[in-house]
Amino acid sequence: MKRSLLIAASMLALAGPAFAEWQPDGPIRLWIGYGAGGGTDVQGRTLAKEIEARRGWKIAPENKAGEDGTVMSAQLKSEAPDGQTLGFAITTTYDFAPMNSDNLSPEDFTYITTTAGSQMAVLARADSGWNTLEDLQAAAAGGEQIVWANWGTQVEAGAELVARGLGISVNHLRTEGGKGALNALVSMDANVGWGGGVQKPLVEAGVLKILASAETTPVALDPEKRTLRDMGIELNLGYQYIITAPAGLPEEIRDEIAAVVAEILADPESETRQFIEKQYPPAPIVTQGDALREQILATYDANVEMMKAFAQ
């Protein structure tokens, strides 16, 4: 997936006078596509607070969890494209989830900006004694039942592809958001699961362990662990956090919202930036406007091809 790290003066230039004239007509509703307490929720609410501080706009965050963000996005697409209603989710909501919906298309949205990238990894409890996917594979071969915690269709398909790659069988447990997957692991409802970044405190506390990276590179929390691709499993489940609006949002509104987010993420003192550096290291990932739209559409096409291969 193409990524652009644009915390640079060129983005700060977007905050210039040419884009400073738009003002919202009342509070902006920020619909968060996942449940309370997860990485998307914490980041969205922190960002809302800092946008208010910089522009004086009133931002009203609201959780609309369900089905990889599609519950939120299905409502968002029907709202007026006037900047008064925004969505905060992950790129999967737009470049994968529409494949499973007759009611959604990547063309239904205006893509404003990304904020951060995931630290996608396969996790297990530390007390499982597993350190790698080979350990998981040996446990399954020895008769242990494997229950994999997934928060959406894409990661569930990914878990099944990993299981096929390892030559094992798994049972899938659907959870609500990334935090739900962690809760399932800790409560022993599952013995393997995915984490996109919110797992950091539990990994650092020694409660959970990373078995493999599901990004294109090793994850920062455990750079010694191999990627799935290193193991011959052609899978990249990395994603980015993204702000969207209904299709048809005027460019001047899109760019003004993108500009204030870029300002916040470029500021070392920003609470949002510090949260991202801690949870989704090493730094914010900001791709905006037309480049972001091209990224979403290209990744959607790639995911369609991946699922065709999965169905074979």
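In what follows, every heavy atom counts, from backbone to side chain, and hydrogens, waters and symmetry copies are set aside.
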Atom CD of Glu176: over 12 foreign heavy atoms under 6.0 Å: no
Using the ring of each side chain (for Trp, its six-membered ring), is Tyr241 parallel, tilted or perpendicular to Tyr239, with breaks at 30° and 60°? perpendicular
Run the ring-ring contact (aromatic ring centres under 6.0 Å, His included) test against Trp130 and tell me which residues pass, sequence neighbours left out. none
Student check: side-chain heavy atoms of Asp41 and Phe88 closer than 4.5 Å: no
Ignoring hydrogens and geometry, is there a side-chain-to-backbone donor-acceptor pair from Thr299 to Ile296 under 3.5 Å? no
Gln295 side chain reached by Thr287 side chain, heavy atoms, under 4.5 Å: yes
Do the side-chain N and O atoms of Asp230 and Thr227 include a donor-acceptor pair separated by under 3.5 angstrom? yes
Flag for Trp57-Gln23: side-chain donor and acceptor within less than 3.5 Å: yes
Please answer: with hydrophobic residues joined when any side-chain heavy atoms are less than 4.5 Å apart, are Ile90 and Leu237 in the same cluster? yes
What I want to check is whether the side chains of Gln43 and Gln279 have a donor and an acceptor closer together than 3.5 Å. no
Check for a donor-acceptor pair, side chain of Asp82 on one end and backbone N or O of Asp25 on the other, with a separation under 3.5 Å. no
Examine distances only and state if a side-chain atom of Thr110 and a backbone atom of Pro246 form a donor-acceptor pair shorter than 3.5 Å. yes
Check the side chains of Ser118 and Glu215 for a donor-acceptor pair under 3.5 angstrom, ignoring hydrogens and angles. yes
Side-chain heavy-atom pair Tyr94, Phe109 within 4.5 angstrom cut-off: yes
Do the side chains of Leu123 and Leu211 get nearer than 4.5 Å, heavy atoms only? no
Is there side-chain contact between Glu160 and Val170, with at least one heavy-atom pair below 4.5 Å? yes
Rounded distance [0.5 Å steps], CG in Asn236 versus OG1 in Thr217: 9.0 Å
Does the side chain of Gln75 pick up a donor-acceptor pair with the side chain of Lys64 at under 3.5 Å? yes
Lys200 side-chain N/O to Lys278 backbone N/O, donor-acceptor pair under 3.5 Å: yes
Look at the side-chain heavy atoms of Ile, Leu, Val, Met, Phe, Trp and Tyr, link any pair under 4.5 Å apart, and say whether Tyr111 and Leu104 land in one connected group. yes
Can you list the residues that meet the salt bridge (Lys or Arg N to Asp or Glu O under 4.0 Å) rule with Glu107, with sequence neighbours excluded? Arg293
Between Asn303 (side chain) and Asp95 (backbone), is there a donor-acceptor pair under 3.5 Å? yes
Please tell me if the side chains of Ile264 and Leu47 come closer than 4.5 Å, counting only heavy atoms from C-beta onward. yes
Is Arg273 salt-bridged to Glu263, going by a charged N under 4.0 Å from an acidic O? no
For Thr272 and Glu50, run side chain to side chain donor-acceptor pair (under 3.5 Å): C-alpha distance rounded to whole Å, both residues' side-chain angles, the deciding distance at 0.1 Å, then the answer. CA-CA 8 Å; Thr272 306; Glu50 295 198 308; 2.7 Å; yes
Tell me whether Ser128 contacts the main-chain N or O of Ala124 through its side chain, where contact means a donor paired with an acceptor under 3.5 Å. no
Is there a donor-acceptor contact under 3.5 Å from the side chain of Lys225 to the main chain of Asn131? yes
Are Trp151 and Met99 connected in a single hydrophobic cluster, I mean Ile/Leu/Val/Met/Phe/Trp/Tyr linked by side-chain heavy atoms less than 4.5 Å apart? yes
Distance col, row Ser78:OG vs Asn103:CG, nearest 0.5 angstrom, shows 7.0 Å
Measuring only between side-chain heavy atoms, which start at C-beta, is Val219 closer than 4.5 Å to Gln199? no
Under 4.5 Å between any side-chain heavy atoms of Trp31 and Leu76, yes or no? yes
Would you find a donor on one side and an acceptor on the other, under 3.5 Å apart, between the side chain of Thr91 and the backbone of Gln240? yes
Enumerate the residue pairs fulfilling salt bridge (charged side-chain N to carboxylate O under 4.0 Å, His left out) with a member in residues 117-128, sequence neighbours excluded, ordered by first and then second residue. Arg125-Asp127
Check for me, please, whether Ile146 and Leu228 land in the same ILVMFWY cluster - side-chain distances under 4.5 Å, paths through other members count. yes
For Ser105, is there any backbone N or O sitting under 3.5 Å from a side-chain donor or acceptor partner on Asp108? yes
Considering residues at least two apart in sequence or located in another chain, which fulfil the salt bridge (Lys or Arg N to Asp or Glu O under 4.0 Å) criterion with Glu269? none
For Gln154 and Thr92, does a side-chain donor sit closer than 3.5 Å to a side-chain acceptor? yes
Would Thr113 and Gln288 count as having a side-chain donor-acceptor pair, cut-off 3.5 Å? yes
Without hydrogens or angle criteria, can the side chains of Ser187 and Asp189 be said to hold a donor-acceptor pair below 3.5 Å? yes
Hphob cluster co-occupancy, Ile168 + Met231, side-chain heavy atoms under 4.5 angstrom: yes
Of all pairs that satisfy ring pair (Phe, Tyr, Trp, His ring centres under 6.0 Å), the ones with a partner from residues 170-207, not counting sequence neighbours: Trp148-Trp194
Suppose clustering is done on Ile, Leu, Val, Met, Phe, Trp and Tyr with side-chain heavy atoms closer than 4.5 Å. Which residues sit in the same group as Val71? none
Hey, is the main chain of Leu166 close enough, under 3.5 Å, to the side chain of Gln137 for a donor-acceptor pair? yes
